[in-house]
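These numbers come from a predicted model, not from an experiment. In what follows, chains carry the letters A, B, and so on, assigned in the order in which the sequence lines appear, proteins first and then strands, with residues in each chain numbered from 1. These values consider heavy atoms only, across backbone and side chains, with no hydrogens, waters or symmetry-generated copies.
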Amino acid sequence: MADKGGATPATYSPSPTTGRKKPPLLKEDWIRPDGRGFHQCRPALLDMHRFLSDSKCSRIDGALLIGGSAKRHLGPVSTRITSGVHGSVQPDIDFFRTGAVNAASGSAYAEIGNTKVIVSVFGPRESKKAMIYSDIGRLNCNVSFTTFATPVRGQGSDHKEYSTMLHKALEGAIILETFPKTTVDVFALVLESSGSHTSRCLGFGKRSQLEIMLCEALLLIDSMFLCNVPLQEVIASDNISECVSGDLPVVISCASLALADAGIMMYDLVASVSVSCFSKNLVIDPILEEENCQDGSLMITCMPSRYEITQLTVTGEWSTPKINEGMQLCLDACAKLAKIMRSCLKEAASDSQE
Amino acid sequence: MEKEIRGIQLPLSQTQKVRLKKALELLQSLSLKVNVDASVVVADTITVDHEDGVLKGHGTADLNGEVVATICGVVERVNKLVYVRALRSRYKPEVGDIVIGRVVEVAQKRWRLEINYCQDAVLMLSSMNMPDGVQRRRTAVDELNMRCIFEENDVVCAEVRGFQHDGLHLQARSRKYGKLTRGQLLTVSPYLVKRQKQHFHHLEEFGIDLILGCNGFIWVGEHIEATDDMVEDQVNQSDPQVLLPGKNSVSLEEQEKSYTTLETRKYICRAANAIRVLSTLGFNITLEIIKGIIDLSLSMNLDIHDMLGSEFCVLVAEKEAERRSSNKKKR
């Protein structure tokens, strides 16, 4: 993976960043297209008719984190709410529902902003690939897009890298020993995508610096537990040329809901949130336009009750304090998202008690 | 606020929705009071008295000394054992269960059946009665003739024999087990069929057979007497060596005799629709309830296809609520 600055051949230097809209973001008073504050996620609701206001993320004081191990306890989660008075613009509505697909063992449908995802879980069941005896189960993930998912109607593609990322995010949370010799299949279908584009990682020459920053960030994580993700894999995820978009976090959260619905044993629900960085500001839960002009993105998939991260994906240009702040924002948002997912499951459970 | 019940996808008019809701609420109030606190979601802490030693059962895990749920379900406590019971669990086979399966593969000396479980079940050739009824060692010729007994996609009824190293084993050593013909196979959720003393039912007034498989597969078919098969086969077969699969040497007269009458077929469809309605509503499937629904539909002179409509569904729910409340009052 070593790509030192001096040894890169000329052909690898990134193309000049033409076509990227820089100016609007450098202004301090930039307003996000949907009227949210910088640290506001698209709010999550249980159903279309109610609006919970506790999904706004609180701004964590950076001073808590720099210099010393991060405090485990993030502080009271719901009290510190930023100025986030909505204008007349109706914020995007979230929607989670389980039991969407009758034929599957478990399924979930999630709508966060414009992203609509349906995930169905089959299993545990036999598969031809799993005929070899193994004392742990297999997890098989597949993420595909419908042809009408993107604004420009294209070929519905089967994203292999999303499938791998989904697999990595989920495998840390599922207790594989409970279904030996069998396979659990997770099929995610993105019905409408709010953003998926390719962007090159900035500054290949600056890679070593990025590595340093990543290592510092990982030292921070040292006080938490990084489960099942070897260090090399974390750094390698910087290599991906496709930016983590607004879709994958939704897909991951929805998939964990579907797994819980199917009755597969898990250590905890998995919630995932992404954050974008624009030179000075951090924007949580970015949408497509914001992603197009971002400097870097960070996606965290974590298990809130255990305070463990299953997957961490960093791309682009980050400075150490920014990455610390971004991580804390993400973790806070994940905790809130997990609470909402939990209440969705509880409702579904109480409905079906007969 | 619309509370959608999982699986009920019928177009209900406003009044029907109200009636259905009332009936379901009545049923809920009649059922044993389940503590709302008892339902847990993944990674919820289970309140446990740490003074007594506690046994962590199925569906629980240990996290920093606390008992945490790993699945969504209801917490059950039995003395010192704490476990989480899932609400919609998969079929869990037990020895002696009657199951119905579909043949997926004909393998060496065995058939593989799909029975709505994690793995495919195995029915060994030696666990099957031979067509000629003689108890003997299975030879290579028998192995070659396996396809004459069951082929792919045949529906087979069998009993769970046990768990072996290579999976779940079944046996079909009795007359009442074996290939099922002339009927319909229905799939419902496994937890709707509770284990009872009798799973084979014969509805005389309709002339149909009803087999409630514990794995959620239910067979409704014409009543077949399991007696003469063996004798007839011996008479018919002149050359017992290599049989051609599929050519059962059924003559024209026999085919006429084996014609299922329209009446019987109608009853089969009625029973099947009754089971479908029960499955949609999520009620337990037992013989009395099925009989009650068939009688209800006959008394109303309902067309068979109307049984799947929303009106009948609501009626069934109301009738079930009535029946349960009257049962409770009797006690």
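- Nearest heavy atoms, Glu126(A) versus Gln119(B): OE2-CB, 3.2 Å.
- Heavy atoms closer than 4.5 Å to chain A are found in both the backbone and the side chain of Asp44(B).
- For a residue to count as touching a neighbouring chain, one of its non-hydrogen atoms must lie under 4.5 Å from one of that chain's; by this rule Ile264(A) touches chain B with the backbone only.
- Scanning both residues, Ile71(B) and Gly263(A), for their nearest heavy atoms gives CG2-O, 3.5 Å.
- No more than 12 heavy atoms of other residues, nucleotides or ligands shown are found within 6.0 angstrom of CD on Gln108(B).
- Residues Asp62(B) and Arg306(A) approach most closely at O-NH2, 4.3 Å, considering heavy atoms.
- Here the CZ atom belonging to Arg342(A) is positioned 8.5 Å from the SG atom belonging to Cys72(B), to the nearest 0.5 angstrom.
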- Message: Pair Val41(B), Met341(A) - check side-chain contact (heavy atoms from CB on, under 4.5 Å), show working.
- Response: CA-CA 10 Å; Val41(B) 168; Met341(A) 282 161 57; over 6 Å; no
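- In this structure a side-chain-to-backbone donor-acceptor pair under 3.5 Å is present from Arg90(B) to Gly123(A).
- The number of heavy atoms from other shown groups lying within 6.0 Å of NZ (Lys194(B)) is above 12.
- Between chain B and the residues Pro304(A), Ala262(A), Ser256(A), Ala260(A), the largest count of heavy-atom pairs under 4.5 Å involves Ala260(A).
- Here Thr60(B) contributes atom OG1 and Met265(A) contributes atom CE; the two are 7.5 Å apart, rounded to the nearest 0.5 Å.
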